[in-house]
Structures are given as structure tokens and as C-alpha cells.
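So the structure is just underneath, and the comments pick up after that.
Computation of the quantities below employed the complete heavy-atom set of this structure, encompassing side-chain atoms and omitting hydrogens, waters and symmetry-equivalent molecules.
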Amino acid sequence: QVQLVESGGGLVQPGGSLRLSCAASGSIFSMHAMGWYRQAPGKQRELVAAFTSGGSINYADSVKGRFTISRDNAKNTVYLQMNSLKPEDTAVYYCNAHPTWYGGSEYDYWGQGTQVTVSS
């Protein structure tokens with residue numbers, strides 16, 4: 001049974017930092033590429049950062065140089081370190097698991113989402 005459990009969201013001032021965590025069930029890391037998405041009010045959900053099957057990382061242009069995705073295979077956990085946060089980073093952040101054997105998104109798994117609010 002696949003399950004993604006997210007944590008680490010909260011309220012932070014501009015320029016501050018947060019680290020999000022996503023704990024995944026057993027075999028997800030070997031079968032799926034992991035990533036983070038976000039959705040701000042009134043906007044479409046967008047890619048923030050994701051691992052590729054080839055071992056590289058894709059970042060949204062808006063977060064390059066500020067955010068870092070990482071993983072701990074022993075803990076089946078993926079992280080998103082967010083530094084130099086801006087008000088426009090305010091969104092619900094979602095953990096995503098994409099099966100490496102399928103090109104579409106129909107079989108993706110999603111976490112419940114965690115709120116990140118950047119405000120003075």
C-alpha cells in the first residue's frame with residue numbers, strides 16, 4: 001500500500017527557511033521518481049523540484065539557487081530545503097511519486113499537502 005506523509009510546513013518571514021519532509025512507504029523509492037509540487041491560491045499546480053530516472057534534478061526557474069531537493073534512501077524520505085523564501089513562495093506543497101515505467105501521470109501518488117506561508 002502506497003502512502004506519502006508530509007510535514008514541515010508553516011509560517012515564515014521573507015528571507016527565512018523551511019525544510020519539508022515526505023516519508024514514503026516501502027518500495028516507492030525503487031519504483032518511482034520523487035518530487036515536489038506546489039499550488040498557490042487561484043493558480044495551477046506547478047513543479048518545484050523533482051528527481052529524474054537518470055539521476056538529475058529538475059528545478060523550477062523561480063526556485064533555482066534557493067531550494068534543494070534531497071533524499072534519504074534508508075529512511076524512504078525526500079526533503080525540500082527552502083532558503084531565502086519570498087512571499088510568492090506561499091502555497092500548498094505536495095509530495096509526488098511518479099512511476100518510472102509509465103510516461104503519463106495517471107498512476108502518480110500524492111501526499112496530502114502542507115501549507116507554506118511566507119509573510120511579514
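Between His32 and Tyr109, the ring planes are perpendicular. Angles over 60° get that label, and only those under 30° would be called parallel. Between Tyr107 and Trp101, the ring planes lie tilted relative to each other; the angle falls in the 30° to 60° range.
Side-chain contact between Cys95 and Val78: present, with at least one pair of heavy atoms (C-beta onward) separated by less than 4.5 Å. In this structure, the side chains of Arg38 and Tyr94 stay at 4.5 Å or more apart for every pair of heavy atoms. With a 4.5 Å cut-off on side-chain heavy atoms, Lys86 and Arg66 count as touching. At least one side-chain heavy atom of Ser17 sits under 4.5 Å from a side-chain heavy atom of Gln81. In this structure, the side chains of Phe67 and Ile69 stay at 4.5 Å or more apart for every pair of heavy atoms. A heavy-atom distance below 4.5 Å is found between the side chains of Leu18 and Leu85. Considering only heavy atoms from C-beta on, Met34 comes within 4.5 Å of Leu4 through its side chain.
Not counting sequence neighbours, Asn58 has no partner by the side-chain hydrogen bond (donor to acceptor under 3.5 Å, both in side chains) test.
Going from atom CG of Asn96 over to atom CG of Asp108 covers 4.5 Å, rounded to the nearest 0.5 Å.
With Thr114 contributing its side chain and Glu6 its backbone, the two residues share no donor-acceptor pair below 3.5 Å. The backbone N or O of Thr117 sits nowhere less than 3.5 Å from a side-chain atom of Ser119 that would complete a donor-acceptor pair.
Within the cation-pi definition used here (under 6.0 Å to the ring centroid, within 45° of the axis), Arg71 does not qualify as a partner of Tyr79.
Between Tyr93 and Leu20, the closest heavy-atom pair is CB-CD1, 3.6 Å. Residues Ala40 and Ala91 approach most closely at N-CB, 3.8 Å, considering heavy atoms. What you find for Val48 and Tyr37 is that their closest heavy atoms are CG2-C, 3.8 Å.
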For a salt bridge (charged side-chain N to carboxylate O under 4.0 Å, His left out) check, start with the C-alpha distance between Lys64 and Asp61, then their side-chain angles and the critical distance, and finish with the verdict. CA-CA 5 Å; Lys64 287 181 179 178; Asp61 288 340; 3.1 Å; yes
Using the rule given for side chain to side chain contact (heavy atoms under 4.5 Å, CB included), can you reason through Leu11 versus Val118, listing the C-alpha separation, both sets of side-chain angles and the distance that settles it, and then say yes or no? CA-CA 6 Å; Leu11 175 65; Val118 184; over 6 Å; no
